[in-house]
Amino acid sequence: MPTHHTPVHLAAAQAVAASAGVAAEDLKVEAPPRPELGDLAVGCFTIAKAAKKSPAQVATEIAAAFQPTELLASATAAGPFVNFRLDRTQTFKWLIDSALRGQLVPGAVGTGKTICIDYSSPNISKHLAYHHIRGTTIGHALVQIFRALGYKVVGINFLGDWGTTHGMLLAAYNIWGAEEPLDITKLNHLYVKFRDGMKTNPDLEQQGRLYFKKLEDGDPEVRALWQRFRDISWAEFEEVYKLLGIEFDEVRGESAYEPDMPGVFKELEHLITESEGARVVELEGEKNPILLKTKDGTTLYATRDVAAAKYRWNTFHPTRSLYVVDRGQALHFRQLFKLLLKAGHSWASVCEHVPYGLIRLGGKKTATRLGGVMLMRDVFKVAEAEVREVIARVNPTLAPEIVDQVAPQIGIGAVVFANLATQREKDIDFDLEKAVSLDGDSGPYIQYSHARCASIARKAGEKVTSIEGIDFTKLGHDAEWELAKKLLELPEIVVRAADNSEPHGVAHYLLQLAGEFSRWYTAGNGDPTLRVLVDDVPTRRARLALVAAVQATFATGLGLLGIAAPDQM
RNA sequence: GCGCCCAUAGCUCAGUUGGAUCAGAGCGUCCGGCUUCUACCCGGAUGGUCGCAGGUUCGAGUCCUGCUGGGCGCACCA
């Protein structure tokens with residue numbers, strides 16, 4: 001049952017509901033496929049079924065009974081649909097007022113609800129590599145989206161800072177040492193060297209396990225060294241997150257749950273069995289059990305995940321607890337949630353794995369320029385360099401200090417957008433050249449549209465910030481109206497993105513909005529009377545108000561995706 | 001072998017949860033317009049039996065079954 005997020009959608013639903021005797025909430029209001037048909041449409045299928053009439057007949061009756069309201073100008077039946085035409089002046093007024101006050105996104109749908117979002121969650125002692133970008137950007141976008149809708153959001157970085165892997169690194173350091181000053185690159189090299197060594201020397205693996213055991217048993221020296229590795233790693237991560245504008249509400253790594261391990265085992269005691277020396281729980285419908293403890297007696301990922309899930313539930317009582325983690329871990333999460341349920345935690349149903357697909361590096365140029373190692377910050381750097389080249393070519397008069405400010409915003413924005421523009425579950429081919437291009441579907445294209453709005457306001461010498469004194473009857477020709485109808489879609493788009501934990505709809509929407517804006521804007525090329533900055537002051541101010549509303553919407557939308565919206569570029 | 005996911009135009013992808021031209025957008029290619037309110041903009045043309053075969057339904061790109069092709073995952077890593 002849809003809820004209606006704008007007064008016009010609600011009005012259309014109510015108009016049908018009133019004469020059909022159903023609840024407005026049960027009616028879906030959508031845009032007709034062609035503008036000639038009308039502005040909003042309500043299908044009469046369910047009403048017809050209940051009334052045992054044909055949908056077309058019901059639509060005809062409802063349209064005939066329709067009386068115009070403040071927002072709805074007319075209603076016509078077309079087949080099974082009732083199509084409404086809106087009062088353009090009233091619609092413009094509502095839209096522009098809402099956009100200028102930053103209220104086009106319905107900010108109350110999440111009131112009183114909490115969402116936990118686990119995202120990014122890299123392993124320490126390794127760089128944030130390029131493949132981390134999807135989880136990181138999708139998670140961050142979801143945080144922004146839920147927050148804009150009024151949810152209380154807890155963004156969690158569940159650092160991979162515990163486990164046998166880290167025992168291996170500790171062992172490697174103790175065997176080979178490393179040059180000071182120690183940094184994340186050196187740590188990673190140590191780890192790689194250790195993994196390589198394990199292939200020929202099986203004794204190393206035992207060393208690694210031993211060190212993790214020492215760590216878990218609280219050996220002070222091992223513990224101090226581990227802490228140092230973690231600090232070095234976090235400092236590195238923070239720099240990258242800063243580039244992306246990301247701040248986590250909680251940085252609680254797996255190590256934070258180490259004290260909870262005995263409790264977890266106690267709680268699950270009656271479910272645990274032994275299998276090949278390991279402690280496991282058998283699950284219905286699963287070929288393999290879920291492993292909670294190795295034959296060495298050390299804990300595993302799943303064990304710590306149980307503790308983390310409990311912590312999140314007990315601390316936040318979330319409506320939904322999302323795990324933005326790559327699709328390869330689907331089995332793990334399915335088993336984890338089954339285990340929680342089996343343990344009697346009915347709240348396991350709020351836990352959701354939000355899987356995303358792989359990222360592949362298409363575009364040979366990208367691959368060669370970055371060499372074999374694909375660090376996230378390197379990709380950003382290359383993107384920024386690419387952007388600087390473009391700016392130097394097409395906008396050479398832009399002040400150097402502005403270039404310095406916007407080049408990283410555009411370069412990073414381009415990469416982020418390219419990662420958010422497709423459905424998250426699909427694998428994507430990342431092509432840097434394409435991402436950075438202003439041609440076609442790209443982040444910079446949207447940023448550019450935003451900058452153009454800002455530019456018009458600059459040229460006008462006036463930025464409209466409220467609807468006071470605006471004569472909305474001056475708006476309404478078709479290109480303007482198409483733009484307005486696109487603005488009208490935003491609320492539903494954002495709500496759906498949240499419901500489906502799927503940010504790509506917002507990205508796609510912004511491309512459409514940019515298209516509508518460009519069409520409107522360039523209509524003024526051929527016909528000067530259609531330009532924003534015309535001589536007639538009331539018309540000019542009304543159009544400036546629309547520009548301001550569109551600009552605000554671009555800024556809002558880009559913000560939802562975690563992308564900057566520069567005023568010049 | 002078992003499980004999960006994917007398959008739409010030459011390429012990259014949308015398709016509002018089963019509805020009216022739903023067969024779309026961008027890129028590419030071809031033609032035309034614009035040099036402005038800053039540009040890489042705008043319009044048109046080209047282009048697909050929605051992987052294949054069945055089924056459910058008044059209605060299927062969308063749901064079900066099978067098949068083909070691809071990706072990922074299947075115990076002491078996370």
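Protein chains get the first letters and strands the later ones, always in sequence-line order, with residue 1 at the start of each.
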- Return no unless some side-chain N or O of A/Gln423 is found under 4.0 Å from OP1 or OP2 of B/C5. no

- Query: For atom C1', what is the distance between B/U46 and B/C40, given to the nearest Å?
  - Reply: 22 Å

- Task: Look at the side chain of A/Thr294 and the backbone N and O of A/Thr298, then say whether any donor-acceptor pair between them is shorter than 3.5 Å.
- Result: yes

- Note on the structure: Residues A/Pro355 and A/Arg424: closest non-hydrogen pair is O-NH1, 3.0 Å

- Which part of the nucleic acid, if any, lies within reach of A/Ser455 when heavy atoms closer than 4.0 Å are counted: base, sugar-phosphate only, or nothing? base

- Sugar-phosphate, base or nothing in reach of A/Ala421, heavy atoms under 4.0 Å: nothing

- Euclidean distance for C1', B/C11 against B/C72 (whole angstrom): 24 Å

- Message: Could you tell me how far apart A/Leu283 (CG) and B/G3 (P) are, to the nearest whole angstrom?
- Response: 17 Å

- Query: Rounded to the nearest Å, what distance is computed from the CZ atom of residue A/Phe45 to the P atom of nucleotide B/U17?
  - Reply: 12 Å

- Between CG of A/Leu546 and C1' of B/C37 the distance, given in whole Å, is 14 Å

- Item | Sugar-phosphate, base or nothing in reach of A/Pro55, heavy atoms under 4.0 Å | nothing

- Item | d(CG, A/Asp535; P, B/C37) in whole Å | 12 Å

- Checking B/G3, B/G15, B/C37 against the side chain of A/His504 (C-beta onward), the nearest is B/G15

- Task: Ignoring backbone atoms, test whether A/Lys28 places a side-chain nitrogen or oxygen under 4.0 Å from the OP1 or OP2 oxygen of B/U16.
- Result: no

- Rounded to the nearest Å, what distance is computed from the CD atom of residue A/Gln512 to the P atom of nucleotide B/U16? 12 Å

- Item | Pair A/Lys213 + A/Asp217: basic N to acidic O under 4.0 Å | yes

- Message: Quick check, does A/Tyr521 stack with B/C37? I mean ring centres under 5.5 Å and planes off by under 30°.
- Response: yes

- Item | Rounded distance in Å - NZ (A/Lys426) to C1' (B/G61) | 11 Å

- Value rounded to 0.5 Å, distance of OG1 in A/Thr539 from CG in A/Leu533: 12.0 Å

- Message: If we ignore hydrogens and angles and just use 3.5 Å, is the side chain of A/Ser233 paired with the main-chain N or O of A/Ile124 as donor and acceptor?
- Response: no

- Over how many whole Å does the gap from A/Gln551 atom CD to B/C37 atom P extend? 18 Å

- Message: For A/Tyr323 together with A/Phe337, are the ring centres under 6.0 Å from each other?
- Response: yes

- Item | First of A/Gly505 and A/Gly524 reached from the 5' end of RNA chain B, by closest nucleotide | A/Gly505

- Message: How long is the straight-line distance from CG of A/Asp161 back to CG of A/Asn123, given to the nearest 0.5 Å?
- Response: 9.0 Å

- Can we call the ring centroids of A/His166 and A/Phe212 under 6.0 Å apart? no

- Indicate yes or no: at least one non-hydrogen side-chain atom of A/Phe229 is less than 4.5 angstrom from one of A/Leu170. yes

- Task: Decide, yes or no, whether a salt bridge links A/Lys338 with A/Glu286 under the criterion of side-chain N to carboxylate O below 4.0 Å.
- Result: yes

- Item | Rounded interatomic separation in angstrom, taking CG from A/Asn500 and P from B/U17 | 10 Å

- Atom P, compared across B/C64 and B/G1: separation rounded to whole Å: 24 Å

- Query: Any stems for RNA chain B, made of 3 or more Watson-Crick or G-U pairs in a row, each with both distances under 3.5 Å?
  - Reply: B:1-5 with B:70-74, B:10-13 with B:24-27, B:28-33 with B:41-46, B:51-55 with B:63-67

- Message: Once you measure the plane-to-plane angle for A/Trp234 and A/Phe237, does it fall in the parallel (<30°), tilted (30-60°) or perpendicular (>60°) bin?
- Response: perpendicular

- Task: Summarise how protein sits on nucleotides 22-33 of chain B as a single string, 5' to 3': B when a protein heavy atom is under 4.0 Å from the base, S for sugar-phosphate-only contact, - for no contact.
- Result: S---SS------

- Task: May I ask you to check whether A/Phe81 and A/Phe45 place their ring centres under 6.0 Å from each other?
- Result: yes

- Query: Under 4.0 angstrom, heavy atoms only, what part of the nucleic acid is A/Ala523 near: base, sugar-phosphate, or nothing?
  - Reply: nothing

- A/Arg496 and A/Glu502: CA distance, side-chain angles, deciding distance, salt bridge (Lys or Arg N to Asp or Glu O under 4.0 Å) verdict: CA-CA 8 Å; A/Arg496 216 170 56 226; A/Glu502 176 58 283; over 6 Å; no

- Task: At under 4.0 Å between heavy atoms, which parts of nucleotides 70-78 of chain B does protein reach? Answer with one letter per nucleotide, 5' to 3': B base, S sugar-phosphate only, - none.
- Result: -SSSBBBSB

